Amino acid sequence: MNPIDELLTRGVTQAIDRSHIERRLREGARLRIKLGIDPTGPLLHLGRAVPLLKLRAFQDLGHLPVIVIGDFTGRIGDASDKDAERRMLGRDEVEANMAGYLGQIGRILDMERVEIAYNSDWLGPMTFEEVAHLANLFSVAEMLDRENFFKRYKEGKRISLREFLYPLMQGYDSVAVRADVELGGNDQLFNLLAGRSIQRAHAQEPQDIMTFGMLEGSDGRKMSTTYGNIIAIADPPDEQFGKVMRLKDELILAYFELTTRAPRQRIEDLRQSLRGGLNPMEAKLLLAEEIVGLYHCPEDARAARERFLQVFRQRELPDEIPEVILPEGPITLQALLAEAGLAPSRSEAGRLIRGGGVRLNGQVVTDVSLGITVGPTPLLLQVGRRRVARIVSRPARR
RNA sequence: GGGGGGGUUCCCGAGUGGUCAAAGGGGGCAGACUGUAAAUCUGUUGGCUGACGCCUUCGAAGGUUCGAAUCCUUCCCCCCCCA
């Protein structure tokens, strides 16, 4: 498949106007491809990586990614992917969130050939009059046509006027950066289309838009910082690997398509293998390795895979066990668990012990009040398979 | 401005004087099973205590009562209808 066709179809739900964009690509135009990112959390996740990877594909064909950091819009809050209002953020919060963005984006894009813009530069100084002119371009009925607004309206949930304003801001961003194409998730369709109207009203040629499928997180909901179900680009290799392994089996191929740069043919082959009875776990291991390899490096990915297999398939202990130093003396198992940070509270520790989830030196212990002496001999304490610590009264290494 | 309906534990959502730390679902955590941290099933899900039990929680603040998430007062917030 030639690069332009792949560009226009891989992971793509809609391309408007498909024939227009295709023509410009074939003509060899150098296009400005816009992607807006609102700093709603400090970590970019694989859901965000979907359009970033597409941006990378554009970049590889010689086009210019224009990243609009929504330091203004992020504070206002876009509700388009939610069935409830999104709260407004403070300036400090937004600034803290976006501090690490460029580094994370740099794991995907070649930052030498990227334009970065901050939308507070033009949205901040805008006057009420200008806002009124923008607002005049849309009717209330149009706004309510948008399905998630209509749904909330019907259900009697609150929709604030400020949420109506959001698409105007995002749309104006396109004018400000003179976007030729804008990328976004399916949930962004309305905002992306608003950009076209607003550009038209500013005597610019309307941008083409491309939308992508939403990425499901491990809990079945859309991957979103708000839901806390994200796999972050910057997650350490082991964590990233583990989180991928926790995904539902049915998501494997979609993840390959949307969050990796694996060639399509390879994905097709894998689809066939799975149909032919390949254990989904094997496919998922490949996926996890692919993802960690992409956002870290292949060596990290291989090592993460080894450690995963060691801990979860062989049920062996990891090679490196964190050491916790506690004051010498007697303590109950319940208290020890909490003190060592393996349980968030003593009550929770008690529950874990009674539930049979706690092992001391490899043995399951269910006696909550078991007396233990913290001393120079290390104690191996485990909660489930993931939480492990070696307890000593002073550093074991000398 | 007038009338009506609401604000419950991480989320959704029951509960209308004691049997409520509060049904049910979701999510989380743990267990079983498993060539996955998948699926499925089970348990658990405010804090403190070895335990009896105690403390904090049902928008906020007061009050009634032996006793309140449940009744009263004031306040804050949300939704709908009418104007």
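Small disclaimer: the values here were computed from a predicted structure and weren't measured. Each chain gets a letter, A, B and so on, in the order its sequence line appears, and its residues count up from 1.
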May I ask you to check whether F138(A) and F164(A) place their ring centres under 6.0 Å from each other?
no
L337(A) atom CG is separated from rA30(B) atom C1', nearest whole Å, by 12 Å
With a 4.0 Å cut-off, would you call E182(A) and R196(A) a salt bridge?
no
Distance-only check: which donor-acceptor pairs under 3.5 Å involve side-chain atoms of residues 340-350 of chain A, not counting sequence neighbours?
from, atom 1, to, atom 2, distance (Å)
S345(A), OG, E348(A), N, 3.1
R346(A), NH2, E339(A), OE2, 3.3
E348(A), OE1, R351(A), NH1, 2.4

Residues forming a side chain to side chain donor-acceptor pair (under 3.5 Å) with Q14(A), sequence neighbours excluded:
none
Rounded distance in Å - CG (L274(A)) to P (rU36(B)):
16 Å
Under 4.0 Å between a side-chain N/O of R346(A) and OP1 or OP2 of rG47(B), yes or no?
no
Of rC48(B), rA37(B), rG27(B), the nucleotide closest to the side chain of F312(A) is rA37(B)
Taking atom C1' of rG27(B) as reference, at what distance in whole Å does atom CD1 of I230(A) sit?
16 Å
N229(A) CG to rG28(B) C1', straight-line distance once rounded to whole Å
12 Å
Partners meeting side chain to side chain donor-acceptor pair (under 3.5 Å) with N186(A) (sequence neighbours left out):
T13(A), T211(A)
Nucleic acid contacts - residues 350-364 of chain A versus RNA chain B, non-hydrogen atoms under 4.0 Å
R351(A), L352(A), R354(A), G355(A), G356(A), G357(A)
Could you check which of rU49(B), rG35(B), rC29(B) has an atom nearest any side-chain atom of E282(A)?
rG35(B)
Kindly point out which of rG35(B), rG47(B), rG27(B) is positioned nearest to the side chain of D219(A)?
rG27(B)
For a quick test of reading the model: is some side-chain N or O of R386(A) closer than 4.0 Å to OP1 or OP2 of rC29(B)?
yes
Using atom CG of N279(A) as one end and atom C1' of rA39(B) as the other, report the distance to the nearest whole Å.
12 Å
Roughly how many Å is it from CZ in R221(A) to P in rG28(B), rounded to a whole number?
8 Å
Map M281(A) and V383(A) onto RNA chain B by nearest heavy atom, then report which one ends up closer to the 5' terminus.
V383(A)
Residues joined to F150(A) in its hydrophobic cluster, side chain to side chain under 4.5 Å directly or through other members, sorted by chain and number, are none
Within residues 287-305 of chain A, find the residues that approach RNA chain B with a heavy atom at under 4.0 Å, and present them sorted by residue number.
none
Within the supplied structure, the quantity of interest is the number of heavy atoms (other residues, nucleotides, ligands) at a distance under 6.0 Å from E320(A) CD; does it exceed 12?
no
Mind checking side chain to side chain donor-acceptor pair (under 3.5 Å) for E290(A) and listing every partner two or more places apart, or none if nothing turns up?
R266(A)
Through direct or indirect side-chain contacts below 4.5 angstrom among Ile, Leu, Val, Met, Phe, Trp and Tyr, which residues connect to V364(A)?
none
Nucleic acid footprint by protein, nucleotides 77-82 of chain B - heavy-atom cut-off 4.0 Å, B for base, S for sugar-phosphate alone
-SS---
So does E147(A) have more than 12 non-hydrogen atoms from other groups sitting under 6.0 Å from CD?
no
First locate atom CZ of F58(A), then atom CG of L25(A), and finally report the distance between them rounded to the nearest 0.5 Å.
6.0 Å
Decide whether H20(A) and E205(A) meet the rule of one side-chain donor and one side-chain acceptor closer than 3.5 Å.
yes
CD of E348(A) versus C1' of rC29(B): gap in Å, rounded?
6 Å
Can the positive tip of R146(A) be found less than 6.0 Å from the middle of the six-membered ring of F149(A), inside 45° of the ring normal?
yes
Any ring-ring contact (aromatic ring centres under 6.0 Å, His included) involving residues 310-335 of chain A? Give me the pairs, sequence neighbours left out, ordered by first then second residue.
F308(A)-F312(A)
Ordered by number, residues from residues 242-253 of chain A within less than 4.0 Å of RNA chain B (heavy atoms) are G242(A), M245(A), R246(A), L247(A), K248(A), D249(A)
In Watson-Crick or G-U wobble terms, both distances under 3.5 Å, what is the partner of rU40(B)?
rA32(B)
Non-neighbouring partners of E112(A) that pass salt bridge (Lys or Arg N to Asp or Glu O under 4.0 Å), sequence neighbours left out
none
Whole angstrom is fine here: how far is it from CG in L309(A) over to C1' in rU36(B)?
9 Å
